[in-house]
There are 2 protein chains.
Amino acid sequence: MALLAAVGHPQRLRVIAGLSAGRVHVSELARRLGMSRPLLYLHLERLEKAGLVTGDLELSPDGKAMKYFELVPFDVHLTVDVVLAALRADEQEGLNDVQETPR
Amino acid sequence: MALLAAVGHPQRLRVIAGLSAGRVHVSELARRLGMSRPLLYLHLERLEKAGLVTGDLELSPDGKAMKYFELVPFDVHLTVDVVLAALRADEQEGLNDVQETPR
DNA sequence: CCCACCTGTCAGTCTCTACTTACAGGTGAA
DNA sequence: TTCACCTGTAAGTAGAGACTGACAGGTGGG
């Protein structure tokens, strides 16, 4: 569900494409795609929640912090049953949210 | 691409779910899902363009016009390559749009 | 010290689209 | 004729979320 929503946006598809070549750090990727860094963060966040990419903060040899992202290989079989399951899962999640809020 | 965008919206997933039981006409479906008819039209239109559902206007035995919709069985393999292909196709489409406008 | 890199996050703006209300038309039955 | 169904579309109105600019912080090198 989060996955379907994540993949349903052209800009995010471009991010996926940008990562398909290999791991890149955020600033570099932003330059390549010609999009602002905060915006890229936003999309990366959603893609990460959907389980499509992984972020990894590491220190480069010269001591600078670099956040590298890379694609998680995925192969989703999209059928009616998958859609129904996603809907049900979403309803459940909604219920849990209500239950979990109190502490 | 249109497909990915179409499936990336909760409300449209509900429409798919509503049709999973079998063919229904628009007004009836709107009642079942508890959504306004014009809104349902909008979503059905997008789903139809994405090739996920088919509409069929027919006359019921008592002569009333009824628009029946039904699901088109689909099974999309969602992988990185599919995403890249969708992006390329979209760029092509964009170019054509520009070319076709003058006339 | 200042400059060039990098990571993060927040508070706004602005655009797109989801959504509603309201209309026009057509049929059959009481 | 009026009522209860149906299809379709053209407005306009919220509202979500995409997007920007500006900030704070941290490192290495000239």
Side-chain angles (χ1 to χ4, degrees), chain A residues 1-19 23-50 52-70 87 90 94 97, chain B residues 1-19 23-50 52-70 87 90 94 97:
Chain A
M1 174 74 219
L3 192 155
L4 292 179
V7 106
H9 189 105
Q11 207 73 307
R12 280 191 287 271
L13 295 186
R14 291 187 58 226
V15 174
I16 293 179
L19 287 176
R23 39 190 286 128
V24 198
H25 70 264
V26 180
S27 292
E28 170 64 19
L29 184 55
R31 260 172 313 210
R32 281 193 205 166
L33 299 178
M35 82 173 63
S36 76
R37 206 164 42 84
L39 178 57
L40 180 55
Y41 267 91
L42 203 109
H43 288 311
L44 282 172
E45 209 171 285
R46 296 194 65 169
L47 288 170
E48 190 168 27
K49 272 183 194 158
L52 293 175
V53 305
T54 332
D56 186 33
L57 180 65
E58 34 185 277
L59 273 67
S60 64
D62 56 342
K64 284 180 184 166
M66 313 274 272
K67 180 109 176 196
Y68 277 91
F69 273 90
E70 70 184 306
L87 266 177
D90 214 47
D97 284 356
Chain B
M1 173 73 219
L3 193 154
L4 292 179
V7 106
H9 189 105
Q11 207 74 305
R12 280 192 286 270
L13 294 185
R14 291 187 57 227
V15 174
I16 293 178
L19 286 175
R23 38 191 285 128
V24 198
H25 69 264
V26 180
S27 293
E28 172 63 19
L29 184 57
R31 260 171 315 208
R32 282 192 203 167
L33 298 179
M35 84 172 63
S36 77
R37 204 165 44 83
L39 178 57
L40 180 56
Y41 266 91
L42 204 108
H43 288 311
L44 283 172
E45 208 170 285
R46 295 193 65 167
L47 288 170
E48 192 169 26
K49 271 182 194 160
L52 293 175
V53 305
T54 332
D56 187 33
L57 180 65
E58 31 185 279
L59 273 67
S60 65
D62 57 342
K64 282 178 185 165
M66 314 275 271
K67 179 110 180 196
Y68 277 90
F69 273 89
E70 70 184 307
L87 266 179
D90 213 47
D97 284 357

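Protein chains get the first letters and strands the later ones, always in sequence-line order, with residue 1 at the start of each.
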Once you round it to whole Å, what is the distance between P of D:dT9 and OH of B:Tyr41? 8 Å
Least distance between heavy atoms, A:Val53 atom then A:Phe69 atom: CG2-CD2, 3.9 Å
Starting at atom CG of B:Asp56, determine the distance to atom P of D:dG8, rounded to an integer number of angstrom. 11 Å
Residue pair A:Glu58, A:Lys64: steps toward the salt bridge (Lys or Arg N to Asp or Glu O under 4.0 Å) verdict: CA-CA 8 Å; A:Glu58 34 185 277; A:Lys64 284 180 184 166; over 6 Å; no
In terms of heavy-atom contacts, A:Leu39 and A:Gln11 come closest through CD2-NE2, 4.3 Å
What one should report as the nearest heavy-atom pair of B:Ala17 and A:Leu87 is CB-CD1, 3.6 Å
Would you call B:Asp56 and B:Glu70 a side-chain contact if the rule is heavy atoms closer than 4.5 Å? no
Strand-adjacent residues in residues 23-37 of chain B, judged by heavy atoms under 4.0 Å from DNA chain D: B:His25, B:Val26, B:Ser27, B:Arg31, B:Arg37
Any side-chain N or O of A:His43 below 4.0 angstrom from OP1/OP2 of D:dC19? yes
Contact between B:Val24 and B:Tyr68 at the side-chain level, heavy atoms closer than 4.5 Å - yes or no? no
Tabulate below the donor-acceptor pairs under 3.5 Å that side-chain atoms of residues 42-49 of chain B make, not counting sequence neighbours, or state none.
{"unit_1": "B:His43", "atom_1": "ND1", "unit_2": "B:Arg12", "atom_2": "NH1", "d": "3.2"}
{"unit_1": "B:Glu48", "atom_1": "OE2", "unit_2": "B:Gly55", "atom_2": "N", "d": "3.1"}

So CG of A:Asp90 and CE of A:Met1: to nearest 0.5 Å the spacing works out to 5.0 Å
Atom CG of B:Leu42 and atom C1' of D:dT13: how far apart are they, to the nearest Å? 15 Å
Whole-Å gap separating P (D:dA14) and CG (B:Leu39): 16 Å
Rounded to whole Å, how long is the line connecting atom CZ of A:Arg46 with atom P of D:dG17? 7 Å
Tell me, please, which residues at least two apart from B:Arg37 pass salt bridge (Lys or Arg N to Asp or Glu O under 4.0 Å). none
Between atom CG in B:Leu40 and atom C1' in D:dT9, what is the gap in whole Å? 15 Å
Nearest heavy-atom neighbours spanning A:Leu57 and A:Ala65: CD1-CB, 4.3 Å
Taking all atoms of both residues into account, what is the closest heavy-atom pair of B:Ala50 and B:Leu3, and its distance? CB-CA, 3.7 Å
Boundaries of the DNA chain C segment in contact with chain B, non-hydrogen, under 4.0 Å: C:dA18 to C:dG28
Return the OG to NZ distance between A:Ser27 and A:Lys67, rounded to the nearest 0.5 Å. 12.0 Å
If every non-hydrogen atom of A:Val15 is compared with every non-hydrogen atom of A:Leu33, which pair is closest and at what distance? CA-CD1, 3.8 Å
Using a strict heavy-atom distance below 4.0 Å, which residues from residues 57-70 of chain A are in contact with DNA chain D? A:Asp62, A:Gly63, A:Lys64
So if I take residues 7-19 of chain B and measure heavy-atom distances to DNA chain C, which residues fall below 4.0 Å? B:His9, B:Gln11, B:Arg12
